[in-house]
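Everything below concerns the one structure shown next.
What's counted below: heavy atoms across the whole structure, side chains too, no hydrogens, waters or symmetry copies.
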Amino acid sequence: MKTGILAIALVTLTAVACKNETKKDNDSAAKTEVAKDVAMANISFGVRGNCEMCKSTIEKAANGVEGVSKAVWDVDAKKIDVSFDDTKTNEMAIHQAIADSGYDTEKVSANSESYKELPGCCQYDHEMMMNQMK
């Protein structure tokens, strides 16, 4: 009889412990998901450029910044859309990376040496409009 009661108690205790462990794992996953949502930021700003080669260079520069998850430059609108983790980088770091690659942004002028090294088709007019609506 004592063995039977002890066995039932052991099974019950094991079931409760497993249930609590599963709950802890689920809580941890939920907290991680919320943290990821809160940290992501989306910005759009103008970047001067001319062609698909410009697009490749501009996007590579922006995507090279730690924390940037996606950067897409629109050739016609002269505008880039960037998603990034704002705990790892900020908007000005992205502007600076693009400017260092030779392209003007709304907030930072291009590095002149990098601009001079761009192919002829990529050497844009420094007065061109950017961040235009379609």
Side-chain angles (χ1 to χ4, degrees):
M1 181 77 167
K2 286 183 182 180
T3 306
I5 293 173
L6 186 58
I8 292 172
L10 185 57
V11 169
T12 303
L13 185 59
T14 302
V16 169
C18 288
K19 183 178 178 182
N20 285 341
E21 191 63 34
T22 302
K23 185 175 188 241
K24 285 179 188 175
D25 288 345
N26 289 341
D27 288 347
S28 176
K31 287 178 185 174
T32 301
E33 190 63 36
V34 168
K36 286 180 186 175
D37 289 343
V38 172
M40 292 306 289
N42 297 300
I43 57 172
S44 294
F45 56 89
V47 179
R48 291 189 173 100
N50 294 327
C51 62
E52 289 296 319
M53 285 177 46
C54 295
K55 177 178 175 65
S56 176
T57 304
I58 292 165
E59 290 176 356
K60 182 177 179 182
N63 282 311
V65 176
E66 182 182 359
V68 172
S69 61
K70 183 178 178 186
V72 179
W73 184 68
D74 184 312
V75 176
D76 297 323
K78 312 297 184 215
K79 179 183 86 156
I80 192 166
D81 297 315
V82 184
S83 296
F84 64 97
D85 179 341
D86 63 5
T87 65
K88 294 183 179 179
T89 194
N90 60 53
E91 181 178 356
M92 286 309 295
I94 299 165
H95 278 271
Q96 190 62 56
I98 294 169
D100 289 346
S101 73
Y103 294 88
D104 291 343
T105 74
E106 289 178 359
K107 295 184 178 182
V108 181
S109 295
N111 173 297
S112 60
E113 290 303 312
S114 296
Y115 175 81
K116 289 176 189 174
E117 293 177 13
L118 294 175
C121 65
C122 295
Q123 292 186 359
Y124 54 88
D125 175 6
H126 288 283
E127 300 300 318
M128 81 170 34
M129 297 294 292
M130 56 183 145
N131 200 5
Q132 300 183 37
M133 299 295 178
K134 287 186 177 181

- prompt: Is there a chain of hydrophobic side chains (I, L, V, M, F, W, Y, each step under 4.5 Å between heavy atoms) that links Val82 to Met40?
  reply: no

query: Which atoms form the tightest heavy-atom contact between Met129 and Lys78, and what is the distance?
result: O-CG, 3.6 Å

query: Is there a donor-acceptor contact under 3.5 Å from the side chain of Lys79 to the main chain of Asp74?
result: no

- request: Report yes if the side chains of Lys70 and Phe84 come closer than 4.5 Å at any heavy-atom pair, otherwise no.
  value: no

query: Which atoms form the tightest heavy-atom contact between Val47 and Met130, and what is the distance?
result: N-SD, 3.6 Å

task: Spell out, yes or no, whether Val65 and Val72 are grouped together once hydrophobic residues are joined by side-chain heavy atoms under 4.5 Å, including indirect joins.
output: no

Nearest atoms (heavy-atom pairs only) where Met53 meets Pro119: CE-CG, 3.2 Å

- request: Starting at CD of Glu59, measure out to SG of Cys54 and round the result to the nearest 0.5 Å.
  value: 11.0 Å

Fellow cluster residues of Met92, listed by chain then number, with links counted only when side-chain atoms sit under 4.5 Å apart: Val108

query: Hey, is the main chain of Asp100 close enough, under 3.5 Å, to the side chain of Ser114 for a donor-acceptor pair?
result: yes

message: Can you give me the closest heavy-atom contact between Cys122 and Tyr103, atom names plus distance?
response: CB-OH, 3.6 Å

query: Where the side chain of Ser101 meets the backbone of Ile98, is there a donor-acceptor pair that is under 3.5 Å apart?
result: yes

- prompt: What residues form a side-chain hydrogen bond (donor to acceptor under 3.5 Å, both in side chains) with Tyr124, not counting sequence neighbours?
  reply: Asp104

query: Does Glu113 come within less than 4.0 Å of Lys116, counting only side-chain N to carboxylate O?
result: yes

- request: With sequence neighbours left out, write down each residue that passes side-chain hydrogen bond (donor to acceptor under 3.5 Å, both in side chains) with Lys107, or none if nothing qualifies.
  value: Glu91

- request: Would you confirm whether Glu66, through its side chain, and Thr89, through its main-chain N or O, come within 3.5 Å as a donor-acceptor pair?
  value: no

message: Could you measure the distance from the CD1 atom of Ile94 to the CG atom of Asn63? Nearest 0.5 Å is fine.
response: 9.5 Å

- prompt: Is a donor on one side and an acceptor on the other found under 3.5 Å between the side chain of Asn50 and the backbone of Cys121?
  reply: yes

task: Of all the heavy-atom pairs spanning Ile80 and Ala62, show the shortest one and how long it is.
output: CD1-CB, 4.0 Å

- request: With sequence neighbours excluded, tell me which residues meet side-chain contact (heavy atoms from CB on, under 4.5 Å) with Glu127.
  value: Asp125

query: Taking only residues two or more places apart in sequence, or in another chain, which ones meet Phe45 in a ring-ring contact (aromatic ring centres under 6.0 Å, His included)?
result: His95

message: Tell me every residue that passes salt bridge (charged side-chain N to carboxylate O under 4.0 Å, His left out) with Asp85, counting only those two or more places apart in sequence or in another chain.
response: none

query: When rounded to the nearest 0.5 angstrom, what distance separates NZ in Lys55 from NZ in Lys60?
result: 15.0 Å

- request: Return the minimal non-hydrogen interatomic distance between Gly46 and Glu106, and the atom names on each side.
  value: N-OE2, 2.8 Å

message: Under a 3.5 Å distance rule, please check whether Ser56 uses its side chain to pair with a backbone N or O of Glu52 as donor and acceptor.
response: no

